[in-house]
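Inspection log for the structure reproduced underneath, given as structure tokens.
Letters A, B, ... mirror the listed sequences (proteins, then strands); counts begin at 1.
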Amino acid sequence: RNGANISPSKLMIVERLAGNSRQLRAAVEELLSIQMSLDDMTVHSIND
Amino acid sequence: MVPQPPQRTEFHFQTITVQNLLSELIREVTTITEARPLQPGESAESFVIDVEAKLEKFLQNAEITLNECPVLTGSRKGLLQSALSDVERTGYQMVEVGRELIKDTSSSERRRRAVEAARNLLSTMVRFLELCDQLDVLMIVTNIDLAQEEYNGLKSATTEQEIYDRYRAILGQIEEIETSTRRRVGDLVDPSQRDDFLAARALLKTHTPILYGSTKALLHHPTNAGLRENCEYAHQEINHAFEMMRRVLNGQSGDYANLGHAG
């Protein structure tokens, strides 16, 4: 006899990963949208 | 290393949630036109660090989720792991190229490479989520298979107690199927699939008590042809219901007429 049902809490893998996926996309989008001024880049190179 | 374009397969968005999620992810990253100047006190490096942190969080959660998945075995496991490795590879490429971009955001070549890396990362992520969605379906179908086994066992039960025990187990399994499919079915893109699934569920619920009653009666009157016919008819309808459910979950029409139902 089986009785080995798969718990619904373990279902919907996509839902469990949806939040992380959106956050990663948003972070990538933010990174791509930055446009630094010459001053920012000077500060950045000094920090490097 | 030149990023490899992710392998594409034909995919049909079955649920509204997945459709929205994936469409949102694959929205063209090259259309970003609004430049965002750094705010006072902000460092460009923090944007790269953020991408890296979000990537690690995604990879970690994906790994945990896959490890907890009871139906992930064999070649399917290899496929999912390989798709996740692709996310990892393209993700760290994005981080690397992002670091180059912030050294000179006015360089069109660096920006082009960053956009390409972003596109590769998001494509691999979408591919991975597509496979995860198929895994979600597989888990529900596995529950349906288990329930069907229990129904088949009812037919071969030899005592009234065994019939009763199996019937109780079946009721539990019907509830399990309902819980696991409720949200997904309500979320199906195609309304006719939703109707087909609901029809299958109704068929299952109607014929289960008939099967129970006729199986029990048949145990005491094994030569009664009418009872046997009832029992077989209920069993046949239940098998149709399961088949309809499987078809809908796999993105096909669950049309009752196509399943050989005589009416």
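Side chain of B:D136 to main chain of A:I13: a donor-acceptor pair is present (N/O by atom type, distance under 3.5 Å, no hydrogens or angles). In terms of modelled atom types and a separation under 3.5 Å, the side chain of A:R25 and the main chain of B:E24 share a donor-acceptor contact.
For the pair A:E15 and B:L21, the minimum side-chain heavy-atom distance is 4.5 Å or more. In this structure the side chain of B:L121 reaches within 4.5 angstrom of the side chain of A:V28, judged on heavy atoms. Contact check for B:M94 versus A:L31: side-chain heavy atoms found under the 4.5 Å cut-off. B:L25 has its side chain out of reach of A:L24: every pair of non-hydrogen atoms, C-beta onward, lies at least 4.5 Å apart.
To the nearest 0.5 Å, atoms CG (B:L101) and CG (A:L32) are separated by 7.0 Å. Atom OG of A:S33 sits about 7.0 Å away from atom CZ of B:F47, to the nearest 0.5 Å. The distance from atom CD of B:E68 to atom CZ of A:R16, rounded to the nearest 0.5 Å, is 4.5 Å.
Surrounding CD of B:E178 are more than 12 heavy atoms belonging to other residues, nucleotides or ligands, all under 6.0 Å away. Remark: B:R168 CZ is loosely packed, at most 12 non-hydrogen atoms of other residues, nucleotides or ligands lying under 6.0 Å away. No more than 12 heavy atoms of other residues, nucleotides or ligands shown are found within 6.0 angstrom of CZ on B:R76.
Considering every non-hydrogen atom in both B:C132 and A:L17, the closest pair reads SG-CD1, 4.1 Å. The two atoms that bring A:I34 and B:A44 nearest to each other are CD1-CB, 3.9 Å, heavy atoms only.
The most heavy-atom pairs under 4.5 Å with chain A, out of B:K54, B:K57, B:R184, B:M125, come from B:K54.
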